Amino acid sequence: MSATSAVPPASLALEAEAERLFRALLNVDCEPGRTWDLAGCRRIAPLTLEINRLKKEKDAVILTHSYVEPEIIYGVGDFKGDSYFLSLKARESRAKMIVFAGVVFMAETAKILSPDATVVVPDRGSGCSLADSLTGDQLRQLKAAYPDAAVVCYINSTADVKAESDVCVTSGNVYDIIAQLPERRILFVPDRLMGQNIRDELKRRGVDKELITSDGTCIVHDVFDAASVTEARARFPGLKVVAHPECTPEVAAAADFVGSTGAMMKYVKGTVAPYFLMLTECGLVGRLQVEAPEKHFIGGCRLCPYMKLNSLEKVRDALLAPRPDQIVTLDEHLRRRAARSIERMFELAPRD
Ligand code: 13P
Ligand code: SF4
């Protein structure tokens, strides 16, 4: 008997899985204190193998936003990307179960678009400071004050807010969609800073719109400041600064590129520069370290506390036997109304 054939097949499978994880994650070092060596990958391999087996058994698909931990994205995820891409995948899905490793508003959107699937969230506490900033009742009051405005909601909003809106948008299609609306006055909710950035960008494009916004901000993006961009440029000649439109207008103006997480990834992959400063959540840097390991990133790391509530253990539990708090349920009348604003987004969004 050879030495290899003496090793039980289960151990071989575990070792192969640990090596697969290690090859995927070895370059990731965006989060202080978190790196993936072979020993660490051996520790999580039983869990990723179990989740990948359960996925088949349960006819499930796992959607992962780029901000969740890389061992979820590359260990067990079927699709990874930004809010728009993942909502398209949820809409196309024929799986019995959708596990959404992201935040609750994303899973709610998946349930709106795929009502026959069981949609689960690993952690019910994975909110979002934007989605949590505005209720349906508050939006109804705003609508009463601006009855002639088109109501545009950012996808980072609750199902109630989507149900009260004429059209939903994401950071990847917002300018093109608003530019097509016949109304001049736009009530954009719930991101005040993104509203200011939309106003500036539409002005640059020669589109005449009046924007009214509510007062939410993203707690991850609203703290980046333009002064540190100036300092970084002085220290790193040739630096390219990349920002999400949830940043302040001053930061957006100081950046070389502003876009959705998907557009930011595309920009970095297609741009030659000695260094990049990513003004967004740290997970996106992790994805780029995996998919564009030749690029160099400077700057600290900002974590979304909601996205980081996701873990492999919670994904496994949600797949195996979801607790009631992990299952997304929506009133059918509300779901249909919310679906209208999202379907309008798909009609108006530019085709890639
Ligand atoms: P994207 O749609 O650009 O991925 O943005 C989602 C988000 O929550 C950014 O903070
Ligand atoms: Fe919400 Fe900001 Fe977290 Fe995105 S990064 S989910 S906008 S809190």
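Whatever order the structure lists them in is the order used to number ligands and atoms, beginning at 1. These numbers were taken from a predicted model, which means no experiment stands behind them.
The hydrophobic cluster containing Leu26, built from Ile/Leu/Val/Met/Phe/Trp/Tyr side-chain heavy atoms closer than 4.5 Å, also comprises Phe22, Leu38.
A distance below 2.5 Å between sulfur gamma atoms is not met by Cys282 and Cys30.
In terms of N/O distances under 3.5 Å, ligand 1 is not approached by Ser260.
Numbered from 1 in the order shown, with element, the atoms of ligand 1 that lie under 4.0 Å from a heavy atom of Thr261 read 1 (P), 3 (O), 4 (O). Against a heavy-atom cut-off of under 4.0 Å, Ser83 is close to the following atoms of ligand 1: 1 (P), 2 (O), 4 (O), 5 (O), 6 (C). In summary, the atoms of ligand 1 found under 4.0 Å from a heavy atom of His221, numbered by their order in the structure, are 10 (O). Those atoms of ligand 1 with a heavy atom of Ser171 less than 4.0 angstrom away are 1 (P), 2 (O), 3 (O).
Geometrically, Arg91 engages Phe346 in a cation-pi contact, judged by NZ or CZ lying under 6.0 Å from the ring centre and within 45° of the ring axis.
Residue-level proximity to ligand 1 for Asn156 is carried by the side chain, the only part with a heavy atom below 4.0 angstrom.
For Phe236, the ring pair (Phe, Tyr, Trp, His ring centres under 6.0 Å) partners at least two apart in sequence or on another chain are Tyr275.
For a distance threshold of 2.8 Å, the protein N, O or S atoms nearer than that to atom 2 (Fe) of ligand 2, listed by chain and number, are Cys218 SG.
Arg337 has a carboxylate O that lies under 4.0 Å from a charged side-chain N of Glu164, or vice versa, which qualifies the two as a salt bridge.
Judged as a salt bridge (Lys or Arg N to Asp or Glu O under 4.0 Å), the pairs with a partner in residues 223-234 (not counting sequence neighbours) are, in order, Arg233-Asp256.
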